[in-house]
Amino acid sequence: MLTGEALSGENEALRKRASQFFERLETQARQILKEGEIRQGLRPYPSAPRAADWLMTFLEGRIQRFVRSGFSRAPSAEFEEQWPMLAKNLWPGD
């Protein structure tokens with residue numbers, strides 16, 4: 001449902017709710033990144049809003065890959081190995 005695959009021909013209100021989920025998730029990510037700046041001195045590159053956007057792009061891509069694989073390749077697959085690469089790009093100076 002989150003990818004819109006199951007929503008083809010469905011009620012527009014349902015589509016909006018799925019979209020709102022991702023918007024709220026991005027807002028939460030932005031807030032967490034901003035708090036990291038304030039509390040821990042972490043400086044996301046280039047900014048908290050851009051880093052949140054980049055993180056959401058990654059997450060949505062992982063979810064899409066899961067759907068494309070017929071739900072056989074988990075979105076969390078290889079995440080432990082990929083997180084250091086993500087973190088390096090979000091906080092290049094740390």
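The shown structure was predicted, so the numbers you read here are calculated from the model rather than taken from an experiment.
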Side chain to side chain contact (heavy atoms under 4.5 Å, CB included) against R50, all qualifying residues, sequence neighbours excluded: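 R50 satisfies side chain to side chain contact (heavy atoms under 4.5 Å, CB included) with P46, S47, D53 once adjacent residues are dropped.
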Set of side chain to side chain contact (heavy atoms under 4.5 Å, CB included) partners for A74, sequence neighbours left out: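 S76.
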Of all pairs that satisfy salt bridge (Lys or Arg N to Asp or Glu O under 4.0 Å), the ones with a partner from residues 61-77, not counting sequence neighbours: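 Only R73-E78 qualify under salt bridge (Lys or Arg N to Asp or Glu O under 4.0 Å).
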Salt bridge (Lys or Arg N to Asp or Glu O under 4.0 Å) partners of residues 24-33, not counting sequence neighbours, each pair once: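 Of all non-adjacent pairs touching residues 24-33, those that pass salt bridge (Lys or Arg N to Asp or Glu O under 4.0 Å) are E26-R30.
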Under the ring-ring contact (aromatic ring centres under 6.0 Å, His included) test, residues paired with F58 that sit two or more places apart: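 ring-ring contact (aromatic ring centres under 6.0 Å, His included) check on F58 returns nothing, list empty.
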With T57 via side chain to side chain donor-acceptor pair (under 3.5 Å) - residues at least two apart: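 With neighbours one apart ignored, the set is empty.
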Under 3.5 Å, side-chain donor or acceptor atoms of residues 31-38 against the rest of the protein: list the pairs with distances, not counting sequence neighbours.
from: Q31; atom 1: NE2; to: E35; atom 2: OE2; distance (Å): 3.2

Path from W83 to W54 over hydrophobic side-chain contacts below 4.5 Å: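 Yes; tracing contacts between hydrophobic side chains, which count when under 4.5 Å, links both residues.
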Distance-only side-chain donor-acceptor flag, E23 / T27, under 3.5 Å: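 There is no such pair between these side chains.
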Residues F22, I63; criterion side-chain contact (heavy atoms from CB on, under 4.5 Å); working and verdict: CA-CA 12 Å; F22 282 109; I63 292 168; 4.0 Å; yes
Neighbour count above 12 (heavy atom, 6.0 Å) for E80 CD: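 Not buried by this count: 12 neighbours or fewer within 6.0 Å.
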